[in-house]
Amino acid sequence: MKNYELRNGVRVPEIGYGTWKTPDGETCAKAVETAIKLGYRHIDAAMVYGNEESVGLGIKNSGIRREELFLTGKVWNTDRGYGRTIRAFEKTIKDLQTDYLDLYLIHWPASPNQYDCWEALNRETWEALTDLYKSGKIKAIGVSNFRRRHLIPLLEEEVIPMVNQLELHPGMVQADIVSLCSEYQILPEAYSPLGNGKLLKSKELSEMAERYGKTSAQICIKWNLQHGFLPLSKSVNEDRMRTNLEVHDFKITEEDMRTLDGLEGFADGNDPDQVLF
Ligand code: A2P
């Protein structure tokens, strides 16, 4: 698998395997193990998904050497602040059965609608990530769901985010935050690359996929790669896991990329300033 290179030189396999909504227990452990056997080398996890122990078990059962895997975790909203973040990190690595993470993200920004001190809170959380990074327990650090107003304050820090994980897929391009990311060499990672699966019902997309002799899911994943985003595809089905990696034998034309950018009806992701969690 090809890699992206982060601003600090760390290399990341260009397609990740997502674990959001994967049922905890046997299903999750088996899915992660299967994904690794099929060639996924980048696993995206988070404490709030409630399945980190199963992800850890799946990794262990796969028999892969830890250093061959790129593993991401995220600090949840109730663990913001310096001390809580450090403790959340320690629990996450214990549950994942590892002693370091390749990438650790602030899952959602504290927002001005929720807290007067939102900026200070994000900064404190970020300081914890920075200290963990400096101590070598994390190879790269970043954020998730940060829009321009949340990201700008962190751009003044000594270490700035290397990744911003966002909802990105055809019909949801988030041009404003993506252009700020590219200005600072912050890699946009794409969660829900299939629009939570909804894009698979798009007639326009399926007609395009047919023209390329590809599935709609493959078109979505390729769209992300051609934009320079890192798609985090997720499936618990072995065949779909496999075909979601088979995206290197075709290229989407510029005209079709523009059509996909503008697909209507799929840009309804959560606004970090409106969410109630
Ligand atoms: P499943 O696990 O049964 O394959 P998104 O990544 O946008 O959130 O979408 C994920 C959803 O899309 C999951 O419900 C997953 O279900 C489904 N999915 C993933 N890959 C494919 C595929 N290649 N074809 C059809 N559905 C897929």
Side-chain angles (χ1 to χ4, degrees), residues 1 12-46 48-51 54-55 58 72 74 105 107-108 144-145 163-174 178 188-227 229-250 252 260-261 263-272 275 277:
M1 187 171 312
V12 196
E14 68 169 4
I15 298 176
Y17 180 73
T19 57
W20 181 34
K21 291 187 185 164
T22 303
D24 190 28
E26 173 70 19
T27 305
C28 178
K30 192 76 206 152
V32 169
E33 181 185 348
T34 305
I36 293 169
K37 292 208 165 125
L38 289 173
Y40 287 88
R41 290 293 176 268
H42 171 175
I43 310 286
D44 183 82
V48 76
Y49 301 164
N51 54 15
S54 304
V55 171
T72 298
K74 307 183 194 89
L105 308 175
H107 208 143
W108 287 83
S144 180
N145 297 296
V163 163
N164 190 4
Q165 188 178 121
L166 303 162
E167 180 169 344
L168 293 167
H169 46 71
M172 187 156 183
V173 294
Q174 302 219 41
V178 162
E189 289 189 341
Y191 71 81
S192 298
L194 318 181
N196 283 304
K198 279 187 273 173
L199 275 159
L200 305 175
K201 296 193 189 112
S202 159
K203 193 156 172 283
E204 210 173 344
L205 177 58
S206 59
E207 281 171 3
M208 187 186 292
E210 206 173 314
R211 255 198 292 122
Y212 284 89
K214 291 283 155 189
T215 66
S216 293
Q218 287 168 326
I219 296 285
C220 290
I221 291 163
K222 188 71 176 189
W223 174 92
N224 272 290
L225 292 171
Q226 285 188 212
H227 267 302
F229 308 153
L230 189 155
L232 299 163
S233 79
K234 57 178 188 282
S235 175
V236 294
N237 173 284
E238 185 167 342
D239 284 338
R240 295 197 280 274
M241 282 184 207
R242 183 182 296 109
T243 55
N244 288 351
L245 285 180
E246 291 168 356
V247 292
H248 294 297
D249 56 352
F250 74 108
I252 304 171
L260 292 169
D261 290 352
L263 276 189
E264 283 178 16
F266 301 98
D268 58 352
N270 281 321
D271 180 338
V275 294
F277 46 80

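Computed from a predicted structure; not experimentally measured. Counting starts at 1 for both ligands and their atoms, following the listed order.
Less than 4.0 angstrom separates some heavy atom of Ala217 from each of these atoms of ligand 1: 22 (C), 23 (N). Of all atoms in ligand 1, listed by their number and element, those nearer than 4.0 Å to a heavy atom of Leu200 are 25 (C), 26 (N), 27 (C). If you number the atoms of ligand 1 from 1 as listed, the ones under 4.0 Å from a heavy atom of Asn196 come out as 5 (P), 7 (O), 8 (O), 9 (O).
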Going through the distances and angles, do Tyr191 and Asn145 end up as a side-chain hydrogen bond (donor to acceptor under 3.5 Å, both in side chains)? CA-CA 10 Å; Tyr191 71 81; Asn145 297 296; 2.7 Å; yes
Would you sort out whether Asp44 and Trp20 count as a side-chain hydrogen bond (donor to acceptor under 3.5 Å, both in side chains), showing the intermediate values? CA-CA 8 Å; Asp44 183 82; Trp20 181 34; over 6 Å; no
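Put simply, atom 16 (O) of ligand 1 has no protein non-hydrogen atoms near it, under 4.0 Å away. There is a protein heavy atom closer than 4.0 angstrom to atom 9 (O) of ligand 1.
Looking only at heavy atoms of the protein, atom 22 (C) of ligand 1 is closest to Arg240 CD, 3.3 Å. Of the protein's heavy atoms, Asn244 OD1, 2.9 Å lies nearest to atom 23 (N) of ligand 1. The single protein non-hydrogen atom nearest to atom 19 (C) of ligand 1 is Lys234 O, 3.1 Å, given as residue, atom name and distance.
Nearest heavy atom pair, residue Ile15 against residue His42, reads O-CB, 3.7 Å.
Heavy-atom distances between Ser233 and ligand 1 stay at or above 4.0 Å for every pair.
For Ser216, no heavy-atom contact with ligand 1 is shorter than 4.0 Å.
The aromatic rings of Phe229 and His227 sit parallel to each other, their planes meeting at less than 30°, with 60° as the upper class boundary.
Heavy atoms of other residues, nucleotides or ligands lying less than 6.0 angstrom from CD of Glu210 number 12 at most.
Not one N or O of Leu232 is nearer than 3.5 Å to an N or O of ligand 1, by distance alone.
For His107 and Phe277, the distance between ring centers is not under 6.0 angstrom.
Selection from Thr27, Val236, Leu194, Thr215 by nearest heavy atom to atom 18 (N) of ligand 1 gives Leu194.
In this structure, CG on Asn164 lies 8.5 Å from CG on Leu105, to the nearest 0.5 angstrom. The CG atom of Leu205 sits 14.0 Å away from the NZ atom of Lys198 when rounded to the nearest 0.5 Å.
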